[in-house]
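Input: a single structure, listed below in structure tokens.
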Amino acid sequence: MEPRGKLDTIQIADGPSSVLPTASVPVNGPQGEGFDWASIDWRRVEEDVRRLRQRIFTASQAGDLRKVRNLQKLMLRSRANTLLSVRRVTEINAGRATAGVDGKVVLLSQSRAALAHWVQHRSRPWIPRPVKRVFIPRPGTMKKRGLGIPVIVDRCLQAVALGALEPEWEARFEPKSYGF
């Protein structure tokens with residue numbers, strides 16, 4: 001029996017139905033690769049993310065940048081943030097069935113679990129893929145505007161980063177700015 005710890009690595013096989021690139025990953029999460037997507041307690045996951053976001057927001061308002069950065073790093077490594085980000089991109093988002101340049105979408109629970117595992121445990125820095133360019137009509141006119149559609153993995157990684165960065169900037173904005 002091989003020892004399992006932080007310095008060991010495992011291999012994620014890239015099967016024909018896989019949406020993920022092959023990668024060597026450190027063993028840092030729960031033991032065993034498979035987990036049931038349907039059995040995740042989403043209320044608890046959302047509460048964990050909300051609580052960590054609140055801590056980042058409070059530290060940012062207090063001006064404690066060191067604490068903000070440490071909490072953001074914790075959020076980037078957070079399993080709850082990863083699960084919630086994958087769920088938002090693959091279940092909740094209206095464009096969840098829209099493929100990027102790689103032509104892949106994640107619609108099955110098993111694929112969502114594999115994607116969440118890969119996002120949480122990727123070992124090498126990710127190089128973003130090009131976006132798919134689609135032209136859609138503008139409302140009320142005959143002109144068209146460009147729309148860039150990233151691949152699903154890029155969308156998930158962007159959502160993870162958003163979860164860590166957004167609370168800091170929400171604390172810095174004016175209360176009535178509404179993004180303008």
Side-chain angles (χ1 to χ4, degrees), residues 4-10 12 20-21 23-33 35-96 98 100 106 109 112-129 131 147-180:
R4 294 182 66 117
K6 288 187 176 184
L7 299 178
D8 295 331
T9 60
I10 58 174
I12 296 176
L20 309 172
S24 174
V25 296
V27 178
N28 270 342
Q31 296 297 320
E33 286 189 43
F35 67 92
D36 186 19
W37 184 260
S39 68
I40 296 172
D41 182 5
W42 290 110
R43 191 172 301 218
R44 181 173 179 198
V45 167
E46 289 171 356
E47 181 63 25
D48 289 346
V49 171
R50 187 201 59 78
R51 194 169 41 250
L52 195 48
R53 287 175 59 97
Q54 183 64 43
R55 289 177 63 192
I56 294 170
F57 184 88
T58 305
S60 182
Q61 280 188 327
D64 189 354
L65 291 180
R66 184 176 177 194
K67 187 172 184 179
V68 169
R69 295 294 176 257
N70 287 334
L71 289 170
Q72 285 174 331
K73 289 176 189 175
L74 182 62
M75 179 70 97
L76 289 172
R77 292 187 311 265
S78 166
R79 182 171 175 80
N81 186 36
T82 300
L83 291 173
L84 194 59
S85 297
V86 170
R87 183 175 185 221
R88 284 181 181 155
V89 169
T90 61
E91 285 183 10
I92 298 170
N93 190 310
R96 64 187 170 268
T98 307
V106 180
S109 296
R112 289 180 182 131
L115 178 61
H117 181 79
W118 183 85
V119 169
Q120 180 74 32
H121 297 289
R122 67 188 187 283
S123 63
R124 287 179 268 145
W126 176 251
I127 299 171
R129 301 284 310 269
V131 297
L147 178 67
I149 303 169
V151 297
I152 197 81
V153 174
D154 287 346
R155 287 184 251 173
C156 289
L157 293 172
Q158 288 171 6
V160 169
L162 176 74
L165 296 174
E166 190 177 40
E168 176 188 6
W169 291 102
E170 286 294 329
R172 293 182 184 209
F173 288 142
E174 294 292 325
K176 295 184 180 179
S177 68
Y178 302 108
F180 295 103

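Quick note: residue numbers are just sequence positions, from 1. Computed over heavy atoms, backbone and side chain alike; hydrogens, waters and symmetry mates excluded.
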Exercise. Could you give all pairs that pass the ring-ring contact (aromatic ring centres under 6.0 Å, His included) test and reach residues 42-71, with sequence neighbours left out?
Worked result: Trp37-Trp42
For this session: Could you list the residues that satisfy side-chain contact (heavy atoms from CB on, under 4.5 Å) with Thr90, not counting sequence neighbours?
Result: Val86, Val106, Arg112, Leu115, Ile152
Seminar exercise, completed: When every non-hydrogen atom of Cys156 is compared with those of Val119, the smallest separation belongs to CB-CG2, 4.1 Å
Exercise. Thr82: what forms a side-chain hydrogen bond (donor to acceptor under 3.5 Å, both in side chains) with it, not counting sequence neighbours?
Worked result: Gln120
Exercise. Can you list the residues that meet the side-chain hydrogen bond (donor to acceptor under 3.5 Å, both in side chains) rule with Arg53, with sequence neighbours excluded?
Worked result: Glu166
Problem set entry | side chain to side chain donor-acceptor pair (under 3.5 Å) partners of residues 147-159, not counting sequence neighbours, each pair once | Trp126-Asp154
Problem set entry | side-chain hydrogen bond (donor to acceptor under 3.5 Å, both in side chains) partners of Gln61, counting only residues at least two apart | none
For this session: Sorted by first residue and then second, give each ring-ring contact (aromatic ring centres under 6.0 Å, His included) pair with at least one member in residues 58-95; sequence neighbours left out.
Result: none
For this session: Report the residues that fulfil side-chain hydrogen bond (donor to acceptor under 3.5 Å, both in side chains) with Arg51, sequence neighbours left out, ordered by chain and then residue number.
Result: Asp48
Seminar exercise, completed: Taken in chain and number order and not counting sequence neighbours, the residues that satisfy side-chain contact (heavy atoms from CB on, under 4.5 Å) with Ile127 are none
Exercise. Arg50: what forms a salt bridge (Lys or Arg N to Asp or Glu O under 4.0 Å) with it, not counting sequence neighbours?
Worked result: Glu47
Exercise. Looking at Ala164 and Ile56, what are the two nearest heavy atoms and their distance?
Worked result: O-CD1, 4.0 Å
For this session: Measure from the side-chain N and O atoms of Ser39 to the backbone N and O of Asp36, and report whether any donor-acceptor pair falls under 3.5 Å.
Result: yes
Exercise. Which residues satisfy the side-chain contact (heavy atoms from CB on, under 4.5 Å) test with Arg172, sequence neighbours excluded?
Worked result: Ser60, Leu65, Glu168, Trp169
For this session: List for me each residue that meets side-chain contact (heavy atoms from CB on, under 4.5 Å) alongside Ala59, sequence neighbours excluded, and say none if there are none.
Result: Lys67, Val68, Leu71
